[in-house]
Amino acid sequence: MLERSKLTFKMSQEKTILIFTLLGVIILAFIVIPIVNMIATQVILDVDALIKTAKDLSVLKSIWLSIYAAFLATLIALIFGVPLAYVLARRDFWGKESIESIIDVPIVIPHTVAGIALLTVFGSHGLIGYPLSNYIGFVDALPGIVVAMLFVSVPFLINSAREGFESVDPRLENVARSLGASRWKAVCEITIPLASRHILVGAIMSWARAISEFGAVVIIAYYPMIASTLIYERFLSEGLSASRPVAVLLMIVCLLVFILLRAISARWKRYDRD
Amino acid sequence: MIEIKGLSKNWRGFSLKNVNLRVEKGEYFIILGPTAAGKTLLLELIAGFCEPNEGGIWINDKNVTRMTPEKRGTGFVYQDYSLFPHLTVKENIEFGLKIKGMPKSRIEEKSKEIMDILGISHLSHRRPRTLSGGEQQRVAIARGIVIEPSVMLLDEPLNALDARTQIQLRGELKKIHREAKLTTIHVTHDQTEAMVLADRIGVMMNGEIVQTGSPEEIFHFPLNERVAEFVGVENIIEGMVTSNEEGVATIRIDDHIMEAISSAKVGDRVRVCLRPESITIAPSKTLSSARNSFSGMITQLVPLGATCRIEIDCGFPLISLVTKTSAEDLGLRVGKGVCASFKASSVHVF
């Protein structure tokens, strides 16, 4: 009798897991099917177009520009975002929650809106764009692309770095300082190395988000064309069959870089674990 | 030498109130107090991890109250060791020396020496998380001592260790202190630790230093009932002084008379306190130098490993601690009649 009730208990437990798994599989399929389908149809039906696209200089240029501009945006995000993340992790102050909300704003607002907002500031008559117009142009130029990418991707880096810093016990910094290290030294030698995995993951996410940006970029800098703009343009002017090979190529390149970086970060030493 | 004057601080629910303290050069000073008394906060203030609201701190006659931690030269050991997890044992120990810009050969020499003293040389290339608690604490102590700090600050350093390792490391702390004569402030809630290690003890309760003195003074002559209870004086009995002849007071407790060395005046209502280990148990009334002798019956007997805690009803309750062996030899059990005696000098009156 007892055995039996145990068995039904186990079965009902298994049932829950089974239902959860099923639901999970559906959402996973939702992500995987379009990607695989696109790549597969391209390779099976029209591999020649893919090869031709891979040799198309303007396509390669645009993909390279996406990767490069995203890299610059991530670099700037690192320089300005990591220090902010540290302050947020270590200090309590009035208005801290508002600042944390502000950081998340770029994730919330539609990216075309972000593009327009950026244009009003970085445009040739904008608040920042105008005084700088003799030195640096943002509209239809690389700096404009970088600014748009930075805006939409920096929250990922700041949030991840902040989590990283929060996971480092402040006592470690205390001890380092008692041993003669200034705060700067303690942060550089103890806290940053220990939070480096979080910072790296944040940088990867930020980079990936920057590459995938389209809405904000087209508004501030349609030219020079990044890959997502080129795909959009080809789709409008020449249709699906012309834009798909570019899309597939961009996706393959991005996935390769993404997988590579994820692999590196997974192997990154984890000190926060036993 | 460390001097603390009128130190006050409120921080995250902990508070220190007007703490005054003086720790002599080379002294092993223990701050003894219950959890949440503000002990760690006091150490962090001395190290400079936070600033006091009021008062000042002097290390070797230098006012360090507003000085950053890196300029104070304190060695700090936390309860959870706080080793740098990304560095090896050797790198942890050498961290402070490298920061100071000491020449490489000298660093090697010093870290080797300290690792030998603490018996951790064989661990030098291991990472902290692969070490046992005792090993980690040895590394933390080595890392603090190697910079030759002006004062060593130990925050419950033995608390997280198992009993055997605790005893072992306690011995080593004593040995190292004896050899290096390092001024040490050690925070703990463990009486045994305080008794074994301290030159002097400061009892801290609710953010205040309530009493300072030698271990003897603290454990046998606590200032008040709160301290007495905390330091393990289990017998606190109320009575009235009926006579006092040249410092030997006679105190009446219900129908019983007890003698104590005290300056209390006739008619004073007093509390008598007596450590359980000061009471000797005999099968029947014996002649001894003990002035106080009471017959009673055992009402409770609790074995505590090597010792036995016995409650005796002598008309008033008395708690005594005897070794397991003597409890067996005397055939002690609940209901047995015994005689409890203790010296007048063991009785502390307040």
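In what follows, chains carry the letters A, B, and so on, assigned in the order in which the sequence lines appear, proteins first and then strands, with residues in each chain numbered from 1. In what follows, every heavy atom counts, from backbone to side chain, and hydrogens, waters and symmetry copies are set aside.
- For a residue to count as touching a neighbouring chain, one of its non-hydrogen atoms must lie under 4.5 Å from one of that chain's; by this rule B/Leu83 touches chain A with the backbone only.
- For CZ of A/Phe93, the number of neighbouring non-hydrogen atoms (other residues, nucleotides, ligands) closer than 6.0 Å is greater than 12.
- Looking only at side-chain heavy atoms (C-beta outward), A/Leu179 and B/Lys100 stay at 4.5 Å or farther from each other.
- Taking the side chain as every heavy atom from C-beta outward, A/Leu194 and B/Phe84 never approach each other to under 4.5 Å.
- At most 12 heavy atoms of other shown residues, nucleotides or ligands fall within 6.0 angstrom of atom CZ in B/Arg164.
- For A/Arg262, the CZ atom is loosely surrounded, since the number of other residues' heavy atoms within 6.0 Å does not exceed 12.
- Counting non-hydrogen atoms of neighbouring residues, nucleotides and ligands closer than 6.0 angstrom, the NZ atom of B/Lys71 reaches no more than 12 such neighbours.
- Summarising the geometry, atom CD belonging to B/Glu44 is positioned 6.5 Å from atom CZ belonging to A/Arg171; distances are rounded to the nearest 0.5 Å.
- The heavy-atom pair separating A/Leu172 from B/Pro85 by the smallest distance is CD1-CD, 3.9 Å.
- For A/Ala176, the parts lying under 4.5 angstrom from a heavy atom of chain B are both the backbone and the side chain.
- Contacts between B/Phe76 and chain A at a heavy-atom distance below 4.5 Å involve backbone atoms as well as side-chain atoms.
- Taking a 6.0 Å sphere around CD of B/Glu54, one finds it holds 12 or fewer heavy atoms contributed by other residues, nucleotides or ligands.
- The closest side-chain heavy-atom distance from A/Ser178 to B/Phe49 is below 4.5 Å.
- Crowding of B/Lys112 atom NZ: a count of heavy atoms from other residues, nucleotides or ligands under 6.0 Å not exceeding 12.
- At least one side-chain heavy atom of A/Val175 sits under 4.5 Å from a side-chain heavy atom of B/Arg143.
- Contacts of A/Asp169 with chain B are made by side-chain atoms alone, with heavy-atom separations under 4.5 Å and no backbone atom involved.
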- Message: Run the side-chain contact (heavy atoms from CB on, under 4.5 Å) test on B/His86 and A/Ile190 for me, step by step, so that the C-alpha distance in whole Å, both residues' side-chain angles and the decisive distance to 0.1 Å come before the verdict.
- Response: CA-CA 8 Å; B/His86 59 308; A/Ile190 305 298; 3.9 Å; yes

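- The closest side-chain heavy-atom distance from A/Glu189 to B/Phe95 is below 4.5 Å.
- In this structure, A/Lys96 places its NZ atom where more than 12 heavy-atom neighbours from other residues, nucleotides or ligands lie under 6.0 Å away.
- Nearest approach of A/Arg183 to B/Glu70, heavy atoms of both residues: N-OE2, 4.3 Å.
- Using a 4.5 Å heavy-atom threshold, the side chains of B/Ile99 and A/Ser182 count as separate.
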